[in-house]
There are 2 protein chains.
Amino acid sequence: MNERTETNEQRGQERRTDRRVSRTRRQLRDALLALIIEHGYDSVTIEQITQRADLGRTTFYLHYRDKEELLIESIDSIAQELLVQVVPLPKPGQMGEDDAPRDPAQAATLLVFRHAAQNSLLYRVILRGEGALKANTRFHEIIQSSVREYVEELNRSAPDFQPMVPLEVFSSYFAAALLGLVTWWLERDMPYSPEEMSEYFRRMFFRGARGALIPNEVTP
Amino acid sequence: MNERTETNEQRGQERRTDRRVSRTRRQLRDALLALIIEHGYDSVTIEQITQRADLGRTTFYLHYRDKEELLIESIDSIAQELLVQVVPLPKPGQMGEDDAPRDPAQAATLLVFRHAAQNSLLYRVILRGEGALKANTRFHEIIQSSVREYVEELNRSAPDFQPMVPLEVFSSYFAAALLGLVTWWLERDMPYSPEEMSEYFRRMFFRGARGALIPNEVTP
DNA sequence: TATAATAATAAACATCATGTACAGAATTAG
DNA sequence: CTAATTCTGTACATGATGTTTATTATTATA
């Protein structure tokens, strides 16, 4: 039959081969992120974006329906940047049994704090700024699903073990706690190093409030 | 110059005695909250607000500079409603030593889940919706400062005790974890009761990840 | 209750960002 | 090379914002 539908039928996917398109979209993303840092998300106007990107205003609407659609794509590009660092981490090991610093979960939180520090200006505006809706949700989802996979991996190695908290609740709690702590930390101009923050997080999350507040608890 | 558009609130101290003023402001608040539930925050227009409140559009600007100023006041009125329930709770007792269900901290989180359930429609839109910026920040502040006072009270009864995590970090962590869990819970249409959620939160927060996932941990 | 002060109102107005339409210029892919 | 596409500028309609002004309505209080 038609084995040569390649040229026209795959346009939906291959449309972005056109250099102009990918270049334009990248310019728009960069312009938006830069403007968000400078003026915050809400006050940024489409004209400013296209002006910064050195493009005509009409061109914007050839690619995105509105400012928010561009924001989502931009956030995803940042989140993806973080995710590719986290994913290659080693598999579970044995979380819960011990909280050794080599725990991959611990390493992952450190990566999060570091990535936030590297992009602190953007993170700040994005996490508590006007675009917070999309950014928080997106990051939350990413972190949550990572934790979910992580714990499910744990479950496979101990099949008949029954968590005392629903997995969804657990992973959502983790994501919210971590993201919230990152946000607070950035707003205070990062008063501690990523390593310290990661360590504090470990104490609170893995050992709980008792472990975090009381120094001399008897470790079982 | 334009720092204070001088709405007529900062003049005398008791200038709000005029019935017309308090009535108008209350009408505007109610209208906004209702419209937020119906259409979300962003799309609500000043004209809709005043129309719903049965007021002239110009009247709005006699009281608030813009939609956001009204939003903040409205959120505060909700947060205040929650706070007055939390404050009269008994003093510390001994948190950390035991996690008995009568712990006032535990009781407070239960109140939060209950209040969220009672105002679930509003909470949903406000916490993850477009107005999330202000709402989250405000609630976060309130919860955080409550925890802070609580722990400082603890400190007074054991003066030479040195927490292993800075108090600010600890209280911020608590606020973020609780708020995040509430948000997740509302978005999922409250799949568990407030009592269950409060209990899950207790396990994760007080006992930590090990206590939350592993059932048979040896309790010291 | 009378009256001065204050608040609410409608109408008109200027401003600004948005989103769309269109026709021509520029660039790209094949 | 050339046909397809992408980009561009201009123009226009729309809708919300925030202000101004003159007038009416309500309130506090003496």
Side-chain angles (χ1 to χ4, degrees), chain A residues 3-32 35-36 38-72 130-131, chain B residues 1-32 35-36 38-71 73 130-131:
Chain A
E3 307 208 352
R4 276 288 163 200
T5 44
E6 200 178 3
T7 36
N8 267 342
E9 278 311 305
Q10 280 194 341
R11 251 194 337 196
Q13 294 224 353
E14 292 301 321
R15 204 168 223 170
R16 289 186 196 167
T17 330
D18 196 315
R19 293 174 195 167
R20 288 170 292 182
V21 173
S22 50
R23 190 169 62 100
T24 296
R25 294 174 94 103
R26 179 172 39 77
Q27 282 172 322
L28 288 175
R29 276 202 311 263
D30 293 348
L32 176 63
L35 287 169
I36 282 179
E38 290 176 29
H39 310 298
Y41 173 72
D42 269 358
S43 68
V44 172
T45 179
I46 310 256
E47 187 153 29
Q48 288 177 315
I49 298 173
T50 51
Q51 194 171 338
R52 173 73 59 109
D54 203 31
L55 294 168
R57 192 170 69 89
T58 4
T59 307
F60 178 92
Y61 295 100
L62 294 177
H63 298 274
Y64 304 98
R65 200 175 330 105
D66 48 31
K67 206 173 56 170
E68 194 179 289
E69 198 172 296
L70 174 58
L71 173 69
I72 293 176
E130 302 98 345
Chain B
M1 316 292 177
N2 240 352
E3 297 245 338
R4 282 283 164 220
T5 320
E6 192 63 56
T7 51
N8 26 14
E9 72 187 84
Q10 266 205 342
R11 289 186 133 165
Q13 293 214 353
E14 289 301 321
R15 214 32 171 178
R16 284 187 206 166
T17 0
D18 196 316
R19 293 173 195 167
R20 288 170 292 181
V21 173
S22 49
R23 189 169 62 100
T24 296
R25 293 173 93 102
R26 181 173 38 77
Q27 282 172 322
L28 288 174
R29 275 202 310 264
D30 292 349
L32 175 64
L35 286 169
I36 282 180
E38 291 177 27
H39 310 298
Y41 173 72
D42 269 357
S43 69
V44 172
T45 179
I46 310 257
E47 187 153 28
Q48 287 177 315
I49 299 173
T50 51
Q51 193 171 338
R52 173 73 57 106
D54 204 31
L55 295 168
R57 192 170 70 89
T58 9
T59 306
F60 178 91
Y61 295 101
L62 294 178
H63 298 274
Y64 304 98
R65 199 173 333 106
D66 48 30
K67 205 174 56 169
E68 194 179 288
E69 198 172 295
L70 174 59
L71 173 69
E73 200 177 284
E130 302 98 345

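So that the names make sense, note that chain A is the first sequence line, chain B the second, and so on, each numbered from 1.
At whole-Å resolution of the value, CD1 in B/I49 and C1' in D/dA16 are 12 Å apart. For A/E47 and D/dT8, the CD to P distance is 13 Å, given to the nearest whole Å. The CZ atom of A/F60 sits 12 Å away from the C1' atom of C/dA17 (whole-angstrom rounding). One interatomic measurement links the two molecules: CG of B/D42 to C1' of C/dT18, which rounds to 15 Å at whole-angstrom precision. The distance from atom CZ of B/R19 to atom C1' of C/dA8 is 16 Å, rounded to the nearest whole Å. Taking atom CD of residue B/Q27 and atom C1' of nucleotide C/dA7, one finds them 13 Å apart after rounding to whole Å.
With hydrogens and angles ignored, no donor-acceptor pair under 3.5 angstrom links the side chain of A/T45 to the base of C/dA17.
A heavy-atom distance below 4.5 Å is found between the side chains of A/I49 and A/K67. Residues B/I36 and B/L71 meet the side-chain proximity criterion, which asks for heavy atoms closer than 4.5 Å. Here the side chains of B/E73 and B/E69 are not in contact, with every heavy-atom distance at 4.5 Å or above.
The distance from the CG atom of B/L55 to the CZ atom of B/R20 is 12.5 Å, given to the nearest 0.5 Å.
Closest approach to the A/T59 side chain among C/dT28, D/dT19, D/dT8 is made by D/dT8 (side chain taken as heavy atoms from C-beta onward). The nucleotide whose nearest atom lies closest to any side-chain atom of A/V21 is, among D/dG18, D/dT20, D/dT6, D/dT6. The listed nucleotides are C/dT18, D/dG18, D/dT27; the one nearest the side chain of B/Y61 is D/dG18.
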Taking distance alone, no hydrogens or angles, what donor-acceptor pairs closer than 3.5 Å link side-chain atoms of residues 39-48 of chain A to residues at least two apart or in another chain?
residue : atom : partner : partner atom : Å
A/Y41   : OH   : A/E68   : N            : 3.4
A/S43   : OG   : A/H39   : O            : 3.0
A/Q48   : OE1  : A/T45   : N            : 2.9

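Within the cation-pi definition used here (under 6.0 Å to the ring centroid, within 45° of the axis), A/R25 qualifies as a partner of A/Y64.
Classification of B/R52 and B/E38 as a salt-bridged pair holds, one side-chain N sitting under 4.0 Å from a carboxylate O.
Using a 4.0 Å cut-off on heavy atoms, the residues of residues 50-57 of chain B that approach DNA chain C are B/D54, B/L55, B/G56, listed by number.
Residues B/L28 and B/L70 share a closest heavy-atom pair of O-CD2, 3.8 Å.
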Are any protein N/O atoms closer than 3.5 Å to N/O atoms in nucleotides 24-27 of chain C? If there are, list each pair with its distance.
residue : atom : partner : partner atom : Å
C/dT27  : O2   : A/R20   : NH1          : 2.8
C/dT27  : O2   : A/R20   : NH2          : 3.4

